[in-house]
Amino acid sequence: MAIERTLSIIKPDATRRNLTGAVADRLERAGLRIVAQKRLRLSRAQAEAFYAVHRERPFFNDLCTFMTSGPVVAQVLEGDNAVAKNREVMGATDPAKAAAGTIRKDFAESIEANSAHGSDSIENAAVEIAFFFSAIEIVG
Ligand code: ATP
Ligand code: MG
């Protein structure tokens, strides 16, 4: 398996409930290494740019409102097969459909407020990492 990097975001519902460490613990226990991390509050324009791929979806406006409702913690995760492994640890988008023991099953409030984001491909991971971090901020 190849060493990959992926972009993770601990979403505002999780930071609000003081679950930053709990979510990070799940990632680390799965063998993912946090090689960069920052807490920030997205502006509306930043949220819209990050989720631009979803701009035609009915939930886009609400999603951007949610993602700007409080702080997020952006992380670069590194490890074997990191893109797929992170999505496995997060679980399905809808917590009602997420497998037992996943972040979203255990922590998410709803399909929207679902505690974590993870890049869905190596190509998107590279774009999303560059959205939040410069090369000098990533220390493997
Ligand atoms: P993410 O991209 O955040 O890792 P994902 O890849 O599992 O999640 P996407 O289809 O990319 O899911 O949707 C992006 C985000 O938009 C979801 O994580 C969720 O917060 C929100 N979302 C997705 N579908 C819905 C929906 N039907 N209703 C409300 N919000 C939704
Ligand atoms: Mg997605």
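The figures here come from the full heavy-atom set of this structure, side chains too, leaving out hydrogens, waters and symmetry mates. Atoms within each ligand, like the ligands themselves, are counted from 1 in listed order.
Taking 4.5 Å as the limit, some side-chain heavy atom of I129 sits within range of a side-chain heavy atom of I138. Between K85 and T6, the closest side-chain pair of non-hydrogen atoms is not below 4.5 Å. With contacts defined as side-chain heavy-atom distances shorter than 4.5 Å, the pair I34/E28 qualifies.
Using a distance-only test at 3.5 Å, with no hydrogens or angles considered, no donor-acceptor pair links the side chain of S119 to the main chain of S121. Judged by distance alone, with hydrogens and angles left aside, the side-chain atoms of S115 form no donor-acceptor pair with the main-chain N or O of A14 at under 3.5 Å.
Within 4.0 Å of ligand 1, protein heavy atoms belong to K11, Y51, H54, F59, L63, R87, T93, R104, I111, E112, N114, H117, G118, listed by chain and number.
Counted within 6.0 Å of CZ on R55, heavy atoms from surrounding residues, nucleotides or ligands total 12 or fewer; the atom is thus considered open.
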